[in-house]
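Take a look at the structure below.
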Protein chains: 2
Amino acid sequence: MKEGPDISRVAALIGDPARANILTALMSGKALTAAELAEEAGVTPQTASSHIARLAAGGLVTTRRQGRHKYVALASDEVGTVLESLIGLAARSGHLRTRTGPRDSALRHARVCYNHLAGDLGVQVYDSLTVRGMLAPEGEALAITHAGRRFAEAFGIALAPLERRRAPLCRNCLDWSARRYHLGGALGRAMLARMEAADWLTRGEGRVLTLTRKGKAGFAESFPG
Amino acid sequence: MKEGPDISRVAALIGDPARANILTALMSGKALTAAELAEEAGVTPQTASSHIARLAAGGLVTTRRQGRHKYVALASDEVGTVLESLIGLAARSGHLRTRTGPRDSALRHARVCYNHLAGDLGVQVYDSLTVRGMLAPEGEALAITHAGRRFAEAFGIALAPLERRRAPLCRNCLDWSARRYHLGGALGRAMLARMEAADWLTRGEGRVLTLTRKGKAGFAESFPG
DNA sequence: CAATTGCTTCGATGGAGGTCGAAGGATGAA
DNA sequence: TTCATCCTTCGACCTCCATCGAAGCAATTG
């Protein structure tokens with residue numbers, strides 16, 4: 001009937017609430033077991049099993065058996081990118097959930113977005129780096145400056161191995177809660193890993209990140225407003 | 001149950017084949033009437049009317065009455081971007097349609113992708129500009145060089161007004177048919193408009209573009225391999 | 001070897017929604 | 001006004017599929 005790839009199949013996969021919850025939970029970047037995903041999605045293990053099988057058949061997730069556990073993860077960065085762009089579009093179109101849970105405010109403050117830092121804290125980092133000339137946004141694109149490279153190395157991040165990969169080093173990532181940009185890409189992931197290693201942040205339930213006392217001081221010093 | 005914008009609602013809207021066809025047809029950038037969309041989607045006018053109402057309620061399209069016609073268009077560039085990224089994901093995940101129509105090969109050669117040039121011809125332009133140092137890709141980002149600015153102005157494109165807009169000037173757009181990048185963004189749109197004005201290309205059925213004799217010579221001269 | 005845990009398959013149920021025929025506006029043309 | 005065209009609403013049908021109970025398989029534990 002029409003030409004091109006069948007976009008509706010992929011969209012229909014994401015279009016079920018239970019599957020969307022599963023995919024959203026996987027955006028933390030961690031591999032989760034089928035039982036955990038069932039809990040996240042609010043369905044029974046049987047139902048989750050069927051959904052996971054569909055997502056895997058559709059190429060959106062990969063599964064790996066380990067003992068009697070089945071670990072599920074997003075199939076690629078591209079899937080995560082598509083999900084984030086859908087979240088952005090949904091937020092702008094006013095498709096907010098009717099029920100906002102108690103974790104909501106904590107999520108707005110600091111959360112994981114495919115292994116990089118998002119939320120108000122992520123926006124603060126982005127703004128601080130941009131104002132001080134470490135990052136150079138050009139439209140939707142984002143480049144790192146020489147000053148930014150020095151800063152990253154001083155922060156404990158080796159840029160060279162990150163740049164050898166095909167994935168972009170810096171990427172503007174649109175924050176659905178703040179409607180502002182935060183730092184994605186390989187550098188964003190490396191920075192979050194560094195912050196976790198330095199005990200600035202601890203992972204809470206789901207995608208929530210909690211700021212430690214040490215982190216509070218560290219952010220104020222390294223990323224002044 | 002979960003936090004954040006409701007991604008599944010938007011995805012479910014795109015997830016119906018008829019609606020996906022409608023949205024894909026609108027990616028030409030033109031506003032189409034309800035009857036035309038019904039034809040494109042392969043459903044009756046009643047069904048199309050219902051789908052259009054849902055898409056409008058979901059914020060994906062805008063409608064405008066003009067006489068007894070109802071013109072439908074994508075609501076924003078962001079919707080087009082999400083659709084393209086979904087097309088890319090679908091193509092990589094192997095969700096190709098079972099039936100490939102006769103227009104398929106023409107589409108692979110040259111087509112409209114949200115008002116800029118895509119297909120083999122679009123990739124040729126992109127590669128030619130990149131090799132000759134007019135465009136500077138950095139990861140997923142894309143910048144225009146000084147040489148590129150001179151080239152664009154000589155091609156009859158005033159860059160200043162384009163840069164005042166918030167939308168990016170250059171954007172890498174992933175081609176589902178060639179799996180390579182072509183030039184999107186404001187500059188991509190301006191170049192296609194210029195090519196059409198110069199009678200290099202004519203719009204065929206749907207998103208198909210046909211190369212004229214004049215255009216054949218023009219491409220060979222302006223965008224040598 | 002049980003017993004327990006984690007996942008999957010099968011079958012039945014129920015609901016959501018896509019589809020079109022028929023009829024009813026709404027707009028413009030003759 | 002009358003007609004034709006375009007779109008919409010209503011109602012009925014029907015398919016698809018999400019969901020869960022029950023049972024079965026697989027792997028670890030005692």
Side-chain angles (χ1 to χ4, degrees), chain A residues 1-2 6-26 30-58 60-73 95 97-99, chain B residues 1-2 6-26 30-73 95 97-98:
Chain A
M1 187 96 54
K2 292 277 302 172
D6 196 345
I7 169 179
S8 73
R9 287 218 205 116
V10 180
L13 278 178
I14 312 177
D16 175 75
R19 284 194 294 265
N21 284 339
I22 288 176
L23 291 170
T24 306
L26 291 176
K30 290 191 295 189
L32 300 175
T33 68
E36 290 170 327
L37 290 174
E39 165 103 5
E40 279 287 332
V43 293
T44 59
Q46 306 95 293
T47 307
S49 176
S50 144
H51 284 313
I52 291 168
R54 280 171 167 267
L55 289 172
L60 296 188
V61 303
T62 56
T63 63
R64 180 167 46 89
R65 298 189 63 100
Q66 192 162 320
R68 50 185 173 186
H69 293 277
K70 177 174 190 169
Y71 284 95
V72 184
H95 284 274
R97 285 174 188 272
T98 47
R99 297 171 50 189
Chain B
M1 187 99 52
K2 292 277 304 170
D6 197 344
I7 170 180
S8 72
R9 288 220 203 114
V10 180
L13 278 178
I14 311 175
D16 175 74
R19 285 195 294 265
N21 284 341
I22 289 176
L23 291 169
T24 306
L26 291 175
K30 291 192 295 188
L32 299 175
T33 68
E36 290 170 326
L37 290 174
E39 164 102 7
E40 278 287 333
V43 294
T44 60
Q46 307 97 291
T47 306
S49 175
S50 145
H51 284 313
I52 292 167
R54 289 176 83 95
L55 289 173
L60 295 188
V61 304
T62 56
T63 63
R64 180 169 44 92
R65 295 190 65 99
Q66 192 162 319
R68 44 184 178 187
H69 294 277
K70 177 176 192 169
Y71 284 95
V72 184
H95 285 273
R97 285 173 188 272
T98 45

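Here is the naming used below: chain letters follow the sequence lines, and residue numbers restart at 1 for every chain. Since the structure is predicted, the reported quantities are computational estimates derived from the model, not experimental observations.
- The CG atom of L26(A) lies 10.0 Å from the CD atom of E36(A); values are rounded to the nearest 0.5 Å.
- Within the 4.0 angstrom heavy-atom criterion, only backbone atoms of the sugar-phosphate kind lie near A18(A); the bases stay farther away.
- Nearest-nucleotide positions on DNA chain D for Q46(A) and A12(A) put A12(A) closer to the 5' end.
- Rounded to a whole Å, the CD atom of E39(A) is 17 Å from the C1' atom of dC20(D).
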From CA spacing to verdict: side-chain contact (heavy atoms from CB on, under 4.5 Å), L13(B), L23(B): CA-CA 10 Å; L13(B) 278 178; L23(B) 291 169; over 6 Å; no
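- For the pair A20(B) and T24(B), the tightest heavy-atom approach, listed with the atom from each and the gap, is O-OG1, 2.7 Å.
- When the C1' atom of dA18(D) is taken as reference, atom CG of L37(A) falls 17 Å away, rounded to whole Å.
- Within 4.0 Å of R65(A), counting heavy atoms only, lies no atom of the nucleic acid at all.
- Residue H51(B) places at least one side-chain N or O closer than 4.0 Å to OP1 or OP2 of dT19(C).
- Between the CD1 atom of I22(A) and the CG atom of L32(A) there is a distance of 10.0 Å, given to the nearest 0.5 Å.
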Donor-acceptor pairs under 3.5 Å, side chain of residues 45-61 of chain B to any protein atom, not counting sequence neighbours: which ones?
unit_1: Q46(B); atom_1: OE1; unit_2: T44(B); atom_2: OG1; d: 3.2
unit_1: T47(B); atom_1: OG1; unit_2: T44(B); atom_2: OG1; d: 3.1
unit_1: H51(B); atom_1: ND1; unit_2: R19(B); atom_2: NH1; d: 3.1

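- Computed from coordinates, the R68(B) CZ to dC6(D) P distance equals 6 Å when rounded to whole Å.
- L32(B) has its CG atom 16 Å from the C1' atom of dC7(D), to the nearest Å.
- Here dC7(D) is the nucleotide among dC7(D), dC7(C), dG18(C) with the atom lying nearest to any side-chain atom of A34(B).
- As rounded to whole Å, 14 Å separates atom P of dC17(D) from atom CG of L55(A).
- Considering every non-hydrogen atom in both D6(A) and S8(A), the closest pair reads OD1-OG, 2.9 Å.
- Distances shorter than 4.0 Å separate none of the side-chain N or O atoms of T47(B) from OP1 or OP2 on dT19(C).
- Taking atom CZ of residue R54(A) and atom P of nucleotide dT9(C), one finds them 13 Å apart after rounding to whole Å.
- In the helix from dC1(C)-dG30(D) to dA30(C)-dT1(D), the rotation axis of the first five pairs and that of the last five pairs differ in direction by 20°, rounded to 10 degrees.
- The phosphate of dT8(D) (OP1 or OP2) has a side-chain N or O of K70(B) nearer than 4.0 angstrom.
- When the side-chain nitrogen and oxygen atoms of T44(A) are compared with OP1 and OP2 of dT19(D), none of them lie within a distance under 4.0 Å.
- Here the NE2 atom belonging to H69(B) is positioned 7.0 Å from the OG1 atom belonging to T33(B), to the nearest 0.5 angstrom.
- For the pair L13(A) CG and dC16(D) C1', the interatomic distance rounds to 14 Å; values are reported in whole Å.
- Atom C1' of nucleotide dC16(D) and atom CZ of R9(A) are separated by 15 Å, given to the nearest angstrom.
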